[in-house]
Chemist: 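Questions regarding the structure given below will be posed in turn.
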Number of protein chains: 2
Amino acid sequence: MTRYYEDLTVGDTYETGSYTVSKEEIVDFAEQFDPQPFHVDEAAAEESMFGELVASGLHTLCLSVRLFITDFVQGEEGVANMGGLGMDDLRWHEPVRPGDTLRVRAEVLKKTPSESRSDRGYVDFRRTVHVDGAEVMSITSHNIVRRANAEE
Amino acid sequence: MTRYYEDLTVGDTYETGSYTVSKEEIVDFAEQFDPQPFHVDEAAAEESMFGELVASGLHTLCLSVRLFITDFVQGEEGVANMGGLGMDDLRWHEPVRPGDTLRVRAEVLKKTPSESRSDRGYVDFRRTVHVDGAEVMSITSHNIVRRANAEE
């Protein structure tokens, strides 16, 4: 079953399953996209403000998108997501460390029908990432969602 | 030479070198972090609003961070970046396609000294991503930058 624009209600919330990130994944990701010493080098990380090796915040964001897509958008009650316009209010509250298990909570924050295109609407999702119950990241995404009954 | 908080001036701009992204990288990234049909399946992508396979916007963001870090933060006149607080105003203006060559332009937008910690200041960077001169993505990042002369 797919949820279209009309099927989403402001205030609806969804919690994903979990994903545990390894030290190898943290280093591999950072070497590709964010090769700063505190993400790729344990000795250098001890001298950083983090005091230990931590995941790139970008990696935390990517893992949260993965959970949002696989468990929510492509889940049993999926969402007819057509694409994304952008994101706002990305904040990293706590670093993610090797072995941490992440979960994502997503809430429908706002709905705006498209004025120019009858086949879609815009949906803002507030997404928060949690490790052991503590919020480590938060973000608002602006998505494009297909309507069930496109008007001419 | 490293540029500390004091060495950055609002209005300073920097342009990175380039990075060309392949179809294989686009699909590989999307399979890991954003496995939506229009990022991993050419036939499905033709039926999507994009009309062809396009990179995940998250991939465009990751590639732009890579260029920002390797060419600017870790470049010849590097930046004493201690970490990131968050990002705002992420907008995808145009999709990135296989074979596209990306460049990043970064501008120092705002500087705020830390009130509680004498060893650092906060610097906002406006970053834009360009393909063949056209802006495909823009974002504002909030970074923590070390001061050259920490006051007690």
Side-chain angles (χ1 to χ4, degrees), chain A residues 19 25 28-40 45 47-50 54-71 73-74 78-93 95 117 119-120 137-146, chain B residues 19 25 28-40 45 47-50 54 56-71 73-74 78-93 95 114 117 119-120 137-146:
Chain A
Y19 187 84
E25 285 173 278
D28 182 61
F29 180 94
E31 284 177 344
Q32 286 183 74
F33 300 117
D34 189 2
Q36 299 188 85
F38 36 88
H39 300 317
V40 297
E47 302 299 314
S48 77
M49 71 172 189
F50 301 109
V54 296
S56 166
L58 194 63
H59 195 187
T60 305
L61 172 63
C62 285
L63 293 172
S64 76
V65 171
R66 175 197 177 119
L67 285 167
F68 181 81
I69 296 297
T70 59
D71 289 19
V73 172
Q74 300 180 335
V79 177
N81 183 50
M82 296 173 74
L85 292 170
M87 296 183 165
D88 274 292
D89 308 316
L90 170 58
R91 292 295 180 275
W92 295 295
H93 308 296
R117 301 191 188 218
D119 67 342
R120 65 193 64 179
M137 197 202 91
S138 52
I139 194 167
T140 300
S141 69
H142 310 295
N143 290 73
I144 308 169
V145 178
R146 190 180 300 281
Chain B
Y19 187 86
E25 284 173 279
D28 182 62
F29 180 95
E31 284 176 344
Q32 286 183 74
F33 300 116
D34 190 2
Q36 299 188 84
F38 34 88
H39 300 316
V40 297
E47 302 300 313
S48 76
M49 72 172 187
F50 301 108
V54 296
S56 166
L58 195 63
H59 195 188
T60 306
L61 173 63
C62 286
L63 293 172
S64 77
V65 171
R66 174 197 177 118
L67 285 167
F68 182 80
I69 295 298
T70 59
D71 289 18
V73 172
Q74 300 179 335
V79 177
N81 183 50
M82 296 171 73
L85 292 169
M87 296 182 165
D88 274 291
D89 308 316
L90 171 57
R91 293 294 180 276
W92 294 294
H93 308 295
S114 170
R117 302 192 187 215
D119 67 340
R120 67 193 65 179
M137 196 202 93
S138 52
I139 194 167
T140 301
S141 68
H142 310 295
N143 289 72
I144 309 168
V145 178
R146 190 179 300 281

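Note on naming: letters A, B, ... go to the chains in the order of the sequence lines (proteins, then strands), and numbering restarts at 1 for each one. Quantities reported herein were computed from a predicted structural model and do not represent experimental measurements.
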Chemist: Please classify the contact between B:I69 and chain A as side chain, backbone, both or neither, with a heavy-atom cut-off of under 4.5 Å.
Modeler: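 When you check distances to chain A, only side chain atoms of B:I69 fall under 4.5 Å.
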Chemist: Going by heavy atoms in the side chains, are A:L90 and B:I139 under 4.5 Å from each other?
Modeler: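 In short, these two side chains do not touch, never coming nearer than 4.5 Å.
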Chemist: Please flag which part of B:L67 lies under 4.5 Å from any non-hydrogen atom of chain A: side chain, backbone, both or neither.
Modeler: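 Contact with chain A: none, neither part.
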Chemist: Go through the atoms of B:S48 and report whether side chain, backbone, both or neither lie under 4.5 Å from a heavy atom of chain A.
Modeler: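 For B:S48, there is no contact with chain A at all, as no heavy atom is under 4.5 Å.
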Chemist: Check whether any side-chain heavy atom of B:F50 lies under 4.5 Å from a side-chain heavy atom of A:M82, and answer yes or no.
Modeler: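 The answer is no; the side chains never approach within 4.5 Å.
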Chemist: Using the salt bridge (Lys or Arg N to Asp or Glu O under 4.0 Å) criterion, which residues pair with B:D88? Sequence neighbours excluded.
Modeler: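 Salt bridge (Lys or Arg N to Asp or Glu O under 4.0 Å) list for B:D88, sorted by chain: A:R91.
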Chemist: How close do B:R120 and A:M49 get, counting heavy atoms only, and between which atoms?
Modeler: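 Answer, listing the atom of B:R120 first, then A:M49: NH1-SD, 3.8 Å.
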Chemist: Where does B:H93 contact chain A at under 4.5 Å (heavy atoms): side chain, backbone, both or neither?
Modeler: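 Answer is neither: B:H93 stays 4.5 Å or more from chain A.
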Chemist: Testing the basics here: between A:Q74 and B:P37, what is the closest heavy-atom pair and its distance to 0.1 Å?
Modeler: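 That closest heavy-atom pairing would be NE2-CD, 4.1 Å.
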Chemist: Looking at every non-hydrogen atom in both residues, tell me the closest pair between A:N81 and B:F38 and how far apart they are.
Modeler: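 Where A:N81 meets B:F38 most closely, the heavy atoms are O-CE2, 4.0 Å.
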Chemist: Non-hydrogen atoms of chain A under 4.5 Å away: do they reach the side chain of B:F68, the backbone, both or neither?
Modeler: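 Nothing of B:F68, per the 4.5 Å heavy-atom cut-off to chain A.
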Chemist: Among B:G57, B:P35, B:S64, B:G84, which has the most heavy-atom pairs under 4.5 Å with chain A?
Modeler: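 Most heavy-atom pairs within the cutoff with chain A belong to B:P35.
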Chemist: Given a strict heavy-atom distance threshold of 4.5 Å, which part of A:H39 is in contact with chain B: side chain, backbone, both, or neither?
Modeler: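 Answer is neither: A:H39 stays 4.5 Å or more from chain B.
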Chemist: Between A:V65, A:L61, A:T70, A:T140, which residue shows the highest count of heavy-atom pairs closer than 4.5 Å to chain B?
Modeler: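 Heavy-atom pair counts peak at A:V65.
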Chemist: Go through it in stages, so that I can follow the logic: the residues are B:F33 and A:L63, the test is side-chain contact (heavy atoms from CB on, under 4.5 Å), and I'd like the CA-CA distance, side-chain angles, deciding distance and then a yes or no.
Modeler: CA-CA 6 Å; B:F33 300 116; A:L63 293 172; 3.8 Å; yes
Chemist: Once ring-ring contact (aromatic ring centres under 6.0 Å, His included) is applied, do any residues pair with A:H59, and if so which ones, sequence neighbours excluded?
Modeler: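 Expected list: A:F29.
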Chemist: Among the options B:G83, B:P95, B:A30, B:G86, pick out the one with the most heavy-atom pairs lying under 4.5 Å from chain A.
Modeler: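 So the answer, after comparing B:G83, B:P95, B:A30, B:G86, is B:G86.
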Chemist: Please state whether the side chain, the backbone, both or neither of B:L58 comes within less than 4.5 Å of a heavy atom of chain A.
Modeler: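 Only the side chain of B:L58 comes within 4.5 Å of chain A.
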Chemist: Do side-chain atoms of A:Q36 reach the backbone of B:V73 as a donor and acceptor pair under 3.5 angstrom?
Modeler: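 Side chain of A:Q36 to backbone of B:V73, a donor-acceptor pair under 3.5 Å: no, none is there.
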